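Quantities reported herein were computed from a predicted structural model and do not represent experimental measurements. Letters go in sequence order (proteins before strands), and every chain restarts at 1.
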Amino acid sequence: MAAWDLSVTVEDLGLDAPPVTISVASDLHIGGVILKLVEKTQIKQDWSDHALWWEQKQRWLLRTAWTLEKYGIHADAKLVFMPQHKPLRLGLPNGITLRLRVCFSNPVFQTVMGICRMLNIRHPEELSLLRPIEEKKKKKDKNLAPEIYDLTEVPLSSVSRPCLYNGMPAHFADSPEMEAIYKMLSVSQPPPAPEVIAKQYRPASVVDKAHINGRWLDSSRCLLQQGIQESDKLWLRFKYYATYDMDSKYDAVRLTQLYEQARWAILLEDIDCTEEEMMLFGALQYHISKVAQSEPQIMSNNPAMDDLDSALQSLEVKMEGEGSSASDLLENMTAPELTDYLKIFRPKRLTLKGYKQYWFKFQDTSISYFKSKEESIGEPIQMINLKGCEVAPDVNVAAQKFLIRLLIPAPEGMNEVYLRCENEQQYAQWMAGCRLGSKGKTLADSSFQSEIQSIRSFLAMQKTNSSSSSANASEESINTHSLVSPRYHKKYKPKQLTPRILDAYQNVAQLSLTDALMRFLQIWQALPDFGLAYVVVRFKGSRKDEVLGIAPNRLIRIDLSVGDVVKTWRYNNMKQWNVNWDIRQMAIEFEGNVNIAFSCVTADCKIVHEFIGGYIFMSTRSREKSETLNEELFHKLTGGHEAL
Amino acid sequence: MDDIDAMFSAMLGEMDLLTQVTYQPLFAYILFYILILFLLLYKSLHELEGNDLDALMADLMADLNATEEKLATEIEYFPPPRSSNVSTPVPSAASSLAPPPPSGAKPTTEEIEAQMKADKIKLALEKLKEAKVKKLVVKVLMNDGSSKTLMVDERQNVREVLDNMFEKSHCDCNVNWSICETNPELQLERAFEDHENLVDPLSAWTRDSENKVLFQERPEKYEVFKNPQNFYLWKKDKTTLRDMKDKDKELLIQENFCGTSIIVPDLEGVLHLREDGKKSWKQRLFQLRASGIYYVPKGKTKSSRDLVCFVQFDNVNVYYGKDFKSKYKAPTDFCFVLKHPQIQKESQYIKYLCCDDIWTMNLWVTGIRIAKYGASLYENFKTAEIKASNSVWTNRSTPSSSNQSTPSPTVKGSMTSPPPPPPLAEVLPPPPPDPVLPPPPMAAKTASKPTPPKRNQPNNFPPPPLDMDNLPPPPPPPPTDDHLEAPPDFLPPPPPATGFNSLPPPPPSFGGVDHSLPPPPPDPVSLPPPPPDPVFVASGAPPPPPPPPPPPPAAPVATLRPAVRTSGSLKKVPPAPPKRTAPTQGGGGGGDFMSELMLAMRKKHADQ
């Protein structure tokens with residue numbers, strides 16, 4: 001067979017170097033071409049990761065046994081010889097940017113698997129890569145560019161599950177720097193400064209949100225085919241909101257990153273919630289950042305401790321119930337009792353009297369008050385049982401106002417009672433007591449001290465920096481505006497926000513880090529719009545743009561003019577879904593002869609197709625218990641080749 | 001009267017047996033004490049209306065408290081093993097053990113000792129109080145107008161109570177059976193959830209409450225798990241919903257109840273809201289979310305951020321309103337209400353909502369329950385289902401025993417022939433004696449629970465001679481030993497054995513002692529015929545078993561009786577605050593009590 005010249009650009013020789021020309025015959029296989037090429041370059045190095053890229057056809061020549069003829073390569077082909085793994089800047093859900101080596105030659109699905117393996121994230125099928133939103137930054141900000149953490153030195157491994165060392169993959173245990181990076185991945189970030197939130201891009205409408213979904217990469221094609229070059233920036237995000245088999249023991253990074261993604265979705269109003277929900281999210285964020293920063297290791301790595309605690313607690317309860325007096329006696333001797341002069345006010349009583357001072361005694365779950373300390377032996381003027389009552393704070397540190405508002409249930413309705421405390425110390429104790437009492441717990445409860453502590457640290461947020469005393473600096477620097485979306489920055493001052501968040505905080509203050517993270521995710525997942533990915537589409541026969549919402553279990557059709565859900569189709573009624581690539585139209589058939597067809601406006605129809613197929617794939621996981629990922633099935637469901 | 005005697009002798013027989021079994025002679029005294037109590041109450045039940053009974057109970061309670069106090073002092077006189085340690089460092093021991101003594105002056109050692117003792121007593125009594133598990137005797141109305149009475153302790157949840165009811169009623173045990181609460185004053189009703197504690201909500205009833213507890217089938221209870229599509233796909237057309245395949249139903253349950261978070265049905269619609277203070281109903285667009293009910297303010301969009309919170313579920317329960325059309329001029333009778341469980345009367349804190357049809361109302365009430373109870377609801381359903389499938393045959397085997405449960409009131413006339421012994425089993429709350437019962441007196445310091453029985457014993461034992469004389473000699477232990485529960489038994493009131501299904505007289509609560517009540521007596525059938533007792537016969541006490549005159553189903557009496565002091569939460573029980581002065585009251589308390597008992601009995605005799 002006749003020999004001809006093939007010129008190949010070898011990246012390792014430099015960008016300006018002329019292509020290397022080798023003499024080949026059409027029956028030479030790719031392996032032979034590579035061999036010749038390496039010999040010609042005279043460079044001794046590890047070439048094992050290198051492969052040939054055919055620029056005109058935008059494809060890798062990965063089958064080394066195939067001949068040039070089989071690939072259809074002729075002398076005019078522009079080939080590039082380069083490594084398959086190249087560095088990429090990867091933005092994580094928590095906002096930090098990593099630089100790491102990823103595969104440019106395999107389908108994105110596998111690239112994501114490799115990334116997740118390196119970062120110790122299980123179930124990589126739930127994540128994907130998307131092109132970031134262009135940051136419109138002024139030149140001045142350049143030097144403020146976020147730090148990039150380099151992971152390119154990490155050796156590439158093909159082991160499906162990295163071996164763990166100290167609870168982290170071995171490659172993170174190499175050096176203190178690497179360990180610090182792992183900590184950044186697995187521990188949630190402190191609340192961002194309010195300005196940072198305000199500066200970020202926020203989708204203003206459903207259509208804006210739809211545009212973001214046009215940025216997902218195609219899972220069945222490789223990075224290079226999708227125009228991603230070395231050192232480009234991509235985002236790694238959870239794409240399919242069907243988190244499966246979450247286990248805080250193995251999923252430190254996964255759980256943290258999912259939380260971060262959810263937190264940002266809330267802060268940037270990517271998903272809508274009510275004011276009450278926002279306050280609860282704020283309280284949880286505050287709590288999570290506080291616990292994560294104080295003792296992340298103990299809290300996150302020792303679920304056994306929680307078990308032990310709860311076991312002890314239940315034992316205590318049991319003993320109490322059975323009346324074993326050994327523990328009772330002990331408990332009673334040490335049972336704290338609060339007594340002090342406080343001021344009381346009953347707004348509902350038609351008296352003009354204001355706050356009146358009495359001697360108060362907190363015992364069990366009740367507050368009694370007496371005329372004076374001396375008379376506290378006798379019958380109290382009144383005894384208020386706090387069980388089942390509502391407790392609300394009314395505090396203004398600057399004005400030295402420490403009010404506990406109690407709403408005490410009675411057969412006739414709720415009685416309002418305000419207790420006024422003199423100072424922070426007193427307030428923290430009595431407030432903690434009231435909260436425990438409202439839950440039917442006594443002061444002897446183990447959570448009493450931590451409750452006091454959490455109230456005090458929250459009060460510290462209200463204080464001005466000058467009058468700092470007990471709480472440490474990091475807690476004081478938290479601005480409540482960091483915990484809510486910019487909408488509420490305008491609506492409330494931080495001081496107005498603090499009591500609202502504090503109010504919500506009392507229900508979550510005792511959660512462990514993992515529980516708090518899970519609670520945050522649960523509330524997020526319970527939002528009505530959770531998991532909806534929007535795409536602007538044009539239904540067949542319709543003249544206007546509408547929005548298709550793709551959820552983990554259904555598709556919804558939203559009328560853009562009204563914003564209402566017009567129609568819902570569930571996947572379990574779906575018989576088949578196809579793409580007509582010629583006219584780029586999706587067609588779906590549901591049971592009962594329901595057929596819909598639409599073209600996609602803001603995203604490629606492959607993206608929509610993959611979304612739907614991806615969710616079908618996610619739903620198949622639970623049934624087969626096998627750990628290995630059925631990649632073939634994923635591509636079959638998402639590829640859209642059936643229509644070809 | 002013979003039956004009482006039969007019972008009495010049975011009891012005595014048991015006492016014998018028990019003393020043997022437990023090596024604890026004291027226990028017999030306790031039994032005896034209880035028996036006396038029971039007899040008194042039992043007699044009075046037939047003559048007294050609820051109020052009188054209450055008064056009587058209050059008396060008894062007061063007495064019990066008094067005796068407890070006295071006993072406490074007596075306990076101090078037992079040679080305590082630890083007393084030598086305690087007595088030397090008197091002041092320190094006192095200060096550490098006792099609640100803060102108000103006066104610091106300690107002039108004489110006697111005074112100090114006295115005070116210390118008093119403090120210890122107070123402490124011991126407080127321990128006692130804590131150790132007591134709160135119990136209620138609850139009359140549960142059945143569908144047919146009859147009623148069953150059962151003892152519920154505060155550790156029991158509704159599921160356990162339902163199981164008790166299943167055994168008592170021999171119903172089909174399907175998942176729809178519910179324990180419900182009605183409030184006639186507010187015209188509300190609600191089925192308790194199976195995981196809920198029953199004592200708590202019942203404790204919120206007022207003293208004069210007309211509220212009732214019902215045992216009935218409520219198909220809406222778990223409808224959401226049988227036809228989830230009606231709740232989660234309620235917007236779909238009716239035929240689609242009706243023709244839903246089982247596979248798809250299962251999937252819906254999976255999706256909404258088995259994920260990381262419980263999904264609340266996506267409800268949105270116009271409801272009528274009763275305006276505060278006014279008599280008008282106003283329409284509003286409401287939305288149900290996991291975090292609460294919201295409404296869309298006038299002129300705003302339905303966007304989440306504009307919603308105004310109407311109510312959150314932490315502190316309220318959802319109730320069905322009955323006949324609100326006439327009571328509150330509601331647009332329809334399909335109303336539901338949200339209120340704090342403790343609110344029992346009209347109040348501005350009650351939120352009234354009205355739906356256009358029953359379907360919408362069930363949608364909302366169920367949705368609210370899902371939002372409030374979350375995963376527990378599904379857990380409850382699964383447990384109920386298992387229960388229902390298990391009971392298919394277990395109930396087959398014992399249908400006949402239920403015949404006993406409705407003793408005819410005609411027994412009254414046939415006094416000559418010994419009527420069947422009263423079904424004591426139902427009356428005596430089963431909580432078996434505490435295993436720590438036997439320890440010597442001083443053990444009270446380390447194990448407070450056993451103390452109450454012991455305390456009662458020394459005082460109560462010396463019974464008035466008259467009574468004693470009339471007592472028949474204890475019959476030999478009943479042959480059916482296996483019916484006797486072994487005294488040490490940790491279980492909370494266990495459901496009675498099937499043999500005891502006869503309808504009990506409405507048992508009043510047994511005050512402070514009920515947690516130490518003896519196990520149920522042996523199967524009545526196996527009791528030896530009691531020796532006739534002239535005194536009791538003469539008393540003409542009404543026949544034993546019948547429940548209070550078969551209540552007209554329309555106006556049953558509220559039968560809830562808070563049984564045990566719970567540190568001041570229940571007004572009806574005299575608190576008997578153990579003061580430091582307690583010891584001075586001491587002396588002969590038990591005699592007082594017993595003589596009072598006698599007086600009461602004699603009075604009854606005289607009345608007849």
Are any of the side-chain heavy atoms of Glu390(A) and Asp314(B) separated by less than 4.5 Å? no

Derivation and outcome, side-chain contact (heavy atoms from CB on, under 4.5 Å), residues Leu251(B) and Asn553(A): CA-CA 10 Å; Leu251(B) 190 75; Asn553(A) 59 357; over 6 Å; no

Contacting region of Thr206(B) [heavy-atom separation from chain A under 4.5 Å]: side chain

Lys249(B) NZ: over 12 foreign heavy atoms closer than 6.0 Å: yes

Of all heavy-atom pairs between Ala526(A) and Ser261(B), which one has the smallest distance, and what is that distance? N-OG, 4.0 Å

Assert top hit (heavy-atom pairs under 4.5 Å, partner chain A, pool Asn315(B), Val308(B), Ile350(B), Asp200(B)) equals Asn315(B)

Given Gly592(A), Ser485(A), Pro552(A), Gly413(A), the one with more heavy-atom pairs under 4.5 angstrom with chain B than any other is Gly413(A)

Rounded to the nearest 0.5 Å, what separates atom CD in Gln312(B) from atom CG in Leu280(A)? 8.5 Å

With chain A, the option among Gln344(B), Gln287(B), Gln342(B) that has the most non-hydrogen atom pairs under 4.5 Å is Gln342(B)

Salt bridge between Glu276(A) and Arg289(B), side-chain N to carboxylate O under 4.0 Å? no

So with a 6.0 Å cut-off around CG of Asp243(B), is the heavy-atom count from everything else above 12? yes

Over all heavy atoms of both residues, which pair between His340(B) and Gly388(A) is shortest? Give the atoms and the distance, please. NE2-O, 2.6 Å

Working to the nearest 0.5 angstrom, can you tell me the gap between Leu252(B) CG and Arg570(A) CZ? 4.5 Å

Hey, is the main chain of Thr568(A) close enough, under 3.5 Å, to the side chain of Lys236(B) for a donor-acceptor pair? yes

Side-chain donor-acceptor pair under 3.5 Å between Thr260(B) and Gln525(A), yes or no? yes

Quick one: are Asp272(A) and Ser303(B) in side-chain contact, heavy atoms under 4.5 Å? yes

Output the distance between atom CG (Asp564(A)) and atom NZ (Lys302(B)), rounded to the nearest 0.5 Å. 4.0 Å

By a 4.5 Å heavy-atom criterion (distance strictly below it), what part of Leu407(A) contacts chain B: side chain, backbone, both, or neither? side chain

Please look at Asp306(B) and chain A and tell me whether the side chain, the backbone, both or neither of the residue comes under 4.5 angstrom of a heavy atom of that chain. neither

I'd like to verify something: which residue of Lys245(B), Lys345(B), Glu346(B) has the highest number of heavy-atom pairs under 4.5 Å with chain A? Lys345(B)

For Lys387(A), I'd like to know if atom NZ has over 12 heavy atoms of other residues, nucleotides or ligands within 6.0 Å. no

For chain A, which candidate among Glu255(B), Lys247(B), Lys235(B) shows the most heavy-atom pairs at distances under 4.5 Å? Glu255(B)

Segment of Met278(A) engaging chain B (4.5 angstrom heavy-atom cut-off): neither

Of all of Ala242(A), Gly440(A), Cys273(A), Pro528(A), which one pairs up most often with chain B through heavy atoms under 4.5 Å apart? Cys273(A)

Nearest heavy atoms of Glu269(A) and Arg305(B), plus distance in Å: OE1-NH2, 4.0 Å

Kindly compute the distance separating CG (Leu307(B)) from CD (Glu277(A)), expressed to the nearest 0.5 Å. 8.5 Å

In terms of heavy-atom contacts, does CD of Glu250(B) have more than 12 from other residues, nucleotides or ligands at under 6.0 Å? no

Point-to-point distance, once rounded to the nearest 0.5 Å, from OH of Tyr349(B) to CD of Glu416(A): 5.0 Å

